[in-house]
Amino acid sequence: MTARRTALITGGAGCLGRAIAVALHDAGHDVIVTYHSSESATRDWINEEAAKGRKFDMYKVDVADFDSCQALVRRLEDDGRQIDILVNNAGITRDASLRKMSAENWAEVMHSNLDSMFNMTQPLCGPMADRGWGRIVNISSVNGSKGAFGQTNYAASKAGIHGFTKSLALELAKKGVTVNTVSPGYLATRMVQAVPEEVLNEKILPQIPLGRLGQPEEIGALVAFICSDAAGFMTGSNIAMNGGQHMY
Ligand code: CAA
């Protein structure tokens with residue numbers, strides 16, 4: 001039985017953010033989600049879940065921006081919210097082969113996917129360590145390990161996440177705070193739906209031995225386990241769930 005904690009999930013507007021939020025809620029936690037530009041999409045799903053008896057709070061933040069994250073942490077403190085579980089889920093793609101990639105698309109992905117790890121985790125991990133309990137889960141990708149055509153920026157950022165995880169896991173191991181990476185494969189989400197249909201059907205799906213996209217809820221269940229007291233011995237891990245597309 002895991003005690004009731006407060007969880008913060010970035011990237012709450014997306015399909016995966018919602019599934020993780022629901023899984024942590026159903027594991028008995030109070031759940032806060034953040035959004036950046038998609039306030040109404042986030043509010044819509046929160047209202048749908050409210051009709052099913054689930055309650056979520058939402059806060060605005062730009063995880064790519066240090067000052068915005070500092071302001072979020074101050075607002076959380078003002079509202080008396082202490083964060084025990086942080087799921088760094090927000091991320092973007094700006095796919096293009098490298099020879100066609102703009103410096104802007106490179107930088108945007110690095111800021112949103114990798115700088116965000118520092119921006120969100122640095123202010124929240126100290127209080128977790130001081131209280132002697134915490135869970136930090138960083139969402140990477142199968143493509144951080146195996147690479148993907150058109151994703152030099154994304155794969156570099158997602159590979160960087162696990163280096164961050166391993167170092168922070170070492171720093172916090174004695175403080176009761178675990179830090180892990182989850183590397184999902186291709187999921188049935190809006191991000192994957194944006195991949196050109198013929199690329200998805202002809203190049204990607206044939207590489208997945210299970211022959212289907214993953215469901216965001218499958219990742220949500222994994223994250224809920226990592227955030228439980230039962231997973232206290234797991235730290236510095238990179239847990240893959242990708243339908244067999246890439247085996248470690
Ligand atoms: N594998 C091998 N060859 C590929 C390829 C692939 N996956 N994708 C494109 N190509 C080939 C094309 O067939 C074409 O070949 P020819 O020149 O011989 O005709 C060539 O590459 C085209 O190259 P370009 O540089 O002109 O590429 P483009 O401008 O047509 O667009 C792309 C390339 C933007 C990368 C497009 O293919 C694409 O969007 N691919 C999907 C990338 C992808 O997998 N993104 C994942 C998003 S989901 C996600 O990221 C979630 C997660 O964590 C898993």
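Both counts, for ligands and for their atoms, begin at 1 and track the order of listing. The analysis underlying the following values was restricted to heavy atoms, covering all of them including side chains, and did not include hydrogens, waters or symmetry mates.
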When you check the side-chain N and O atoms of [X] and [Y], is any donor under 3.5 Å from an acceptor?
X: Asn242; Y: His246; answer: no
X: Thr165; Y: Asn138; answer: yes
X: Thr121; Y: Asn88; answer: yes

Tabulate distances under 3.5 Å between N/O atoms of ligand 1 and N/O atoms of the protein, writing both atom names on each line.
residue  : atom   : partner : partner atom : Å
ligand 1 : 25 (O) : Ser97   : OG           : 2.5
ligand 1 : 26 (O) : Lys100  : NZ           : 2.5
ligand 1 : 29 (O) : Lys100  : NZ           : 2.8
ligand 1 : 44 (O) : Tyr186  : OH           : 2.8
ligand 1 : 45 (N) : Asp95   : OD2          : 2.7
ligand 1 : 50 (O) : Gln151  : NE2          : 2.9
ligand 1 : 53 (O) : Ser141  : OG           : 2.6
ligand 1 : 53 (O) : Tyr154  : OH           : 2.7

Mind running side-chain hydrogen bond (donor to acceptor under 3.5 Å, both in side chains) on Thr181 and Asn238 for me, showing each step along the way?
-> CA-CA 5 Å; Thr181 300; Asn238 184 0; 4.9 Å; no

Is the cationic atom of Arg94 (NZ for Lys, CZ for Arg) positioned less than 6.0 Å from the six-membered ring centroid of Trp106 and within 45 degrees of its normal?
->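 The answer is no; the distance or angle limit is not met.
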
May I ask you to check whether Phe164 and His162 place their ring centers less than 6.0 Å from one another?
->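 Ring centres of His162 and Phe164 not closer than 6.0 Å.
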
